[in-house]
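This report concerns only the one structure given below.
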Amino acid sequence: MASPADETCERLIEDFRPRLRQHIVVEQLLDHLDLIRSDQREQIRQRARAEGNIAAADLLINAVTGRPHAPGWFRAFVDALSNAGCDYAADLMQDNLPKPEVEEENDSCVRLIQLLSPSLVEMKTDDVGLHCFSEGLITQEDSEIIKAEVTSRGSRCGARELLRCIVRGRPGWFSKFLHILRETEHQALYELTGGSPGSDKQGTDEKLPPPRDEPAGSEAATETSPAASESCLSPKLAAIGVTDDPQDESTGLTDTEHLSSMINIRKYIFRDVSCNSWDSNGTAPAAAAGGPENTDIGLRDYQMDVARPALEGKNIIICLPTGSGKTRVAVYITRKHLDGRRAEGQPGKVVVLVNKIPLVEQHYSAEFLPFLKHSYKVERVSGDCQLKISFTEIVKKNDVIICTAQILENFLERSNKGEDEGVNLSDLTLIVIDECHHTQKGDVYNHIMMRYLRQKSNNTKLKKEQKEPVPLPQILGLTASPGVGGATKLEKAEQHILRICANLDASKIMTRSPGKYKKEPRKITLTVEDRKEDPFGDVIKNIMNAIHTHAQLSPSCDLGSQNYEQWIVEKERKAATGEDHKVRVCAEYLRKYSEGLNLSNTIRMCDAFSFLNEYYEKEIKRKTSPDEEQFIQITETERFLFNLFKENKEELQRLAENPHYENDSLSKLKSTILHEFSSREEARGIIFTKTRRSAIALSQWIQGNSKCADIGVKASYVIGGGAQSVVKPMTSAEQKDVLTKFRNGDVNMLIATTVAEEGLDIPACNFVIRYGLVTNEISMVQAEGRGRAEDSSYTVVDVKNSGVTEKERVNEYRKIMMDKAIDKIRALKQEDYEKRIYEFQFQAITEEKVRKKKKKQKEMKSENPSDVKFSCRGCSKHVCTGEDIQIIENMHRVNVTSQFSQLYIQRENTSLQERLIDYETNSFIECKDCRQRWGAMMLYRGIECPCLHVKNFVVTLSGKKIAKCTEWKKLAVRFSAFDYAEYASNMTESSDEEEEEEEETE
């Protein structure tokens, strides 16, 4: 039998059942409601899928009110409503029922939105949705559902879902929504919905109707008449009958006395039933959390699981698939980190590092700013930013800084060199490293982390010396795939991942399966057949063979293959080194023809011909006088090459225009595109291709294809921004423009190079095609993750000579091996894991020291010996320069100049009787002024040579003092070799002259 308190709670829920049915979001609520059995939970989910949210809400309410009840069941229900974003439903269950007139106005606004829905669905859903999320009108999960609707079914369907989410909110949402319409430049919808027509004019200061959930006692709350409750209507809709008696089928609860009794019931409930859910200090959990409501960040269970160690202050790597919310987890950790520092009265400073410029703006505007702007200062810095103050000042004045890794590295180096305007690692409290699998070898991420590891090692020494260690920031790495580093065995894959963990000083690598939230795409591999006839390719091969004969080259591999490309590059390099102009020029042309041959196997023959013709025209122009059409400085080989193309140009052009000879890869690609767009209600996809040239050509081909146009394919391309290719790069603004069009639906087919594989916020697609492009397992995981929508597909289309089918199989094997390696690492005992991490870190620090030493010595070898100065360590007197130093047997540095002999004295050392094959030493040489020992007098093949010990001198190189120069091997300057014959001859002549002078004197 239920207790009186339980019966009261049941009655309250039943009284508000009509309202709860409207305001509960079943799928989201189930994620937070643990008091329902798993079989009931699954039944409710099935009802939601089959009959919709309202029918499922009824079943859920029945499950909640069903007896027997567990202790605290009602408080658990209310908390679940709050955590699921059903705030208004939670208010109904608590002491927050709005006044009757406010509730009446809210109902009118809901009906108004329903009436205007056919017009409102024309809004820019992405823009409005982002603002609604920032203003707290929708939750994170709402936002993701809306984005999924936009992706899979289009902007209109997404807008309908957005409107459904908004009207479920607390009273007061309407004025915010009106303001958002104006902010997002939906002036017509703004006026239609109730905005003032002149509000967008300069100088207008329109006051929107105030939110009707203002605190009791305010003027707006106490003096609003029932007539004023219609303020949500625009003049255009004044005649529409939306002000009916709100006492309809949804509640029947507009009677003031009944509402008052409900309030009293809730006071009784929360006094007697759920007091155990309150903190010991009397603060409700929601209130204790503090902070603006619209900055709450809700994580799914798997996201919270991977975040937990970081919330405890540990360094970790989060490894989650593309599209599973890694960045959102990072925002959550950042927020908790800053909140914790603030609560302790200490400043927090977070730097978010990315490896591509477009990611700076993306992370700033789409992730960190919306959630953190109300509590913390957020700024972004990249090469594209127009900020006028230094990075150091930006770090000082902001709490969160999003920047490219190279910028931070530059300012860390400035600080290391003692320059002004530098930044120290100790200035930061948390570093978030996006795409952290790049933290290896010579990557800039690794340069930053090596500074961290060196300081960590120094801190260990400081602690042993009982000195204060230098504070270091917490590290959070994010990746979809750490890869296996080319490993073929599980052990090597494990070592590769452990090395990345060591470089990031990660105490754990955290990974979880997103489960139902992860949409696995269907995978399809399409092989291609060789052309039955390829006359276009045959003409190119004939040209290449003619060049081989002319240059006397004999390739042993198929023309156009990857092996051929490597072979011809090596020939060109050797010819350039050996100054063989004929072979070098021929090799350069052969590379172009090889590329043209590959292009004809990837894109249209006419595109391959255009490429070859453009190169020919450019070379002709380069060898032609600008004043008159005559060749200048042209060799016989160049004339041969020009004529060879000219003779075959017409034939190539004719064959390129014949579609009968096009490659099978293009045919397979076209069939795939047509299938995807004809079988889906709203298709959106990405084609990944190898080169910028092929991306542009494929885009033009699709745009010019009538069949693609008929089914609504709108194609564009996005390529990289670097200048390493002869094809003009895309600027960041151009990339952003294309991606915005793709996001809005103005473009629904994106052709991209690998620039779109990693990191960039590309909207969810329902198909991904890799066209003749397969790199490594990391890229495969990234590309697969782009297909985030329901029923998405991932297709690999083979291209001749690309080997993509085999490479894809290898990548699938590597991915399985990577997952096994991660599982093995996670299964290690913590002490074993830490031991292996320490070994890799020690190895990394040692290797870096060796690299730096070799680099320094290499640089020294190019220095002029005259730039090296030696001063006495005792009295700082200048002794000599490197020009005076000579080397005996690549070992002993001696100074046999007459000037040097005037600066020292000899002191015999009987204990030093070192005798070697060709020399012996038996005395010291010391500074004549201060008696600082400089070295030893060495008797080399009968000649006394002062041998210097570098540790006894202060050494400067180009004006800079060389610290700890205790051994000659640390001074790698190339000194001249000691010429025994010349020195002996000079000594003999000098001795003869002295004897002659003595004889003359006598």
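Just so it is clear, the model here is predicted, and its values are computed rather than measured.
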Other residues, nucleotides and ligands only: do more than 12 of their heavy atoms fall within 6.0 Å of NZ on Lys849?
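Atom NZ in Lys849 is not packed in, count stays at 12 or less.
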
Please say whether more than 12 non-hydrogen atoms of neighbouring residues, nucleotides or ligands are located less than 6.0 Å from CD in Glu465.
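Atom CD in Glu465 is packed in, count exceeds 12.
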
I'd like to know if [X] pairs up with [Y] as an ion pair, taking the criterion as any Lys NZ or Arg NE/NH1/NH2 lying under 4.0 Å from an Asp or Glu carboxylate oxygen.
| X | Y | answer |
| --- | --- | --- |
| Arg584 | Glu588 | yes |
| Glu468 | Lys463 | no |
| Arg836 | Glu839 | no |
| Lys349 | Asp427 | no |

Could you walk me through whether Glu570 and Gln566 pass the side chain to side chain donor-acceptor pair (under 3.5 Å) check?
CA-CA 6 Å; Glu570 182 63 19; Gln566 294 170 350; over 6 Å; no

For residues [X] and [Y], is any side-chain donor paired with an opposing acceptor at under 3.5 Å?
| X | Y | answer |
| --- | --- | --- |
| Ser426 | Asn424 | no |
| Asn563 | Ser561 | no |
| Ser866 | Glu883 | no |

Heavy-atom closest pair, residues [X] and [Y]:
| X | Y | answer |
| --- | --- | --- |
| Ile500 | Cys436 | CG2-O, 4.1 Å |
| Asn503 | Gln440 | ND2-CA, 3.9 Å |
| Ala487 | Lys492 | CB-CB, 3.5 Å |

Which word best sums up how the rings of Trp934 and Phe953 line up, parallel for under 30°, tilted for 30 to 60°, or perpendicular for over 60°?
tilted

Indicate the ring-plane relationship of Tyr445 and His438, choosing parallel, tilted or perpendicular according to the 30° and 60° boundaries.
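Rings of Tyr445 and His438: tilted, as their planes differ by 30° to 60°.
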
Only one of Asn355, Leu478, Val354 passes side-chain contact (heavy atoms from CB on, under 4.5 Å) with Glu435; say which it is.
Asn355

With sequence neighbours left out, what residues match [X] under side chain to side chain contact (heavy atoms under 4.5 Å, CB included)?
| X | result |
| --- | --- |
| Thr846 | Phe842 |
| Lys964 | none |
| Lys852 | Arg454, Glu848 |
| Gln406 | Glu409, Asn410, Val444 |

Give, for atom [atom1] of [X] and atom [atom2] of [Y], the distance between the pair rounded to the nearest 0.5 Å.
| X | Y | atom1 | atom2 | result |
| --- | --- | --- | --- | --- |
| His496 | Phe840 | NE2 | CZ | 11.0 Å |
| Cys927 | Arg873 | SG | CZ | 13.5 Å |
| Lys356 | Asp434 | NZ | CG | 10.0 Å |
| His949 | Ile925 | NE2 | CD1 | 8.0 Å |
| Asn895 | Phe870 | CG | CZ | 9.0 Å |
| Leu504 | Ile448 | CG | CD1 | 11.0 Å |

Could you give all pairs that pass the salt bridge (Lys or Arg N to Asp or Glu O under 4.0 Å) test and reach residues 950-962, with sequence neighbours left out?
none

Show me the pairs that pass salt bridge (Lys or Arg N to Asp or Glu O under 4.0 Å) and involve residues 499-508, at least two apart or across chains.
Lys456-Asp505

Restricting to ring-ring contact (aromatic ring centres under 6.0 Å, His included), what partner residues turn up for Tyr452, sequence neighbours left out?
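Checked Tyr452 against ring-ring contact (aromatic ring centres under 6.0 Å, His included); zero matches.
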
Could you list the residues that satisfy ring-ring contact (aromatic ring centres under 6.0 Å, His included) with Tyr904, not counting sequence neighbours?
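Tyr904 satisfies ring-ring contact (aromatic ring centres under 6.0 Å, His included) with Phe900 only.
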
Between Asn459 (side chain only) and Val470 (backbone N and O only), is there a donor and an acceptor less than 3.5 Å apart?
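Checked: pair present.
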
Side-chain heavy-atom pair [X], [Y] within 4.5 angstrom cut-off:
| X | Y | value |
| --- | --- | --- |
| Val351 | Leu353 | yes |
| Thr479 | Ile317 | yes |
| Ser481 | His437 | no |
| Val868 | Thr956 | no |
| Pro482 | Met818 | yes |
| Asn458 | Pro469 | no |
| Cys501 | Tyr833 | yes |
| Leu903 | Gln899 | no |

Qualifying residues under salt bridge (charged side-chain N to carboxylate O under 4.0 Å, His left out), relative to [X], sequence neighbours excluded:
| X | answer |
| --- | --- |
| Lys824 | Glu494 |
| Asp580 | none |
| Glu579 | none |

For the pair Arg893 and Gln886, evaluate side chain to side chain contact (heavy atoms under 4.5 Å, CB included) and give the outcome as yes or no after the intermediate values.
CA-CA 6 Å; Arg893 276 73 173 177; Gln886 294 178 299; over 6 Å; no

Please set out all donor-acceptor pairs under 3.5 angstrom arising from side-chain atoms of residues 970-982, sequence neighbours excluded.
unit_1 : atom_1 : unit_2 : atom_2 : d
Asp979 : OD1    : Ala981 : N      : 3.3
Asp979 : OD1    : Glu982 : N      : 3.1
Tyr980 : OH     : Arg941 : O      : 2.7

Side chain to side chain contact (heavy atoms under 4.5 Å, CB included) between Ser958 and Glu863, worked out:
CA-CA 9 Å; Ser958 299; Glu863 293 283 351; 3.4 Å; yes

Might you work through the side chain to side chain contact (heavy atoms under 4.5 Å, CB included) test for His892 and Trp968, ending with a clear yes or no?
CA-CA 9 Å; His892 306 285; Trp968 281 109; over 6 Å; no

Go through it in stages, so that I can follow the logic: the residues are His550 and Thr637, the test is side chain to side chain donor-acceptor pair (under 3.5 Å), and I'd like the CA-CA distance, side-chain angles, deciding distance and then a yes or no.
CA-CA 8 Å; His550 179 82; Thr637 295; 3.3 Å; yes

Within 45° of the ring axis of Phe924 and under 6.0 Å from its six-membered ring centre, is that where the NZ or CZ of Arg933 lies?
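Satisfied, under 6.0 Å and within 45°.
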
Run Met937 and Cys947 through side chain to side chain contact (heavy atoms under 4.5 Å, CB included) and show every step you take.
CA-CA 6 Å; Met937 183 59 74; Cys947 182; over 6 Å; no

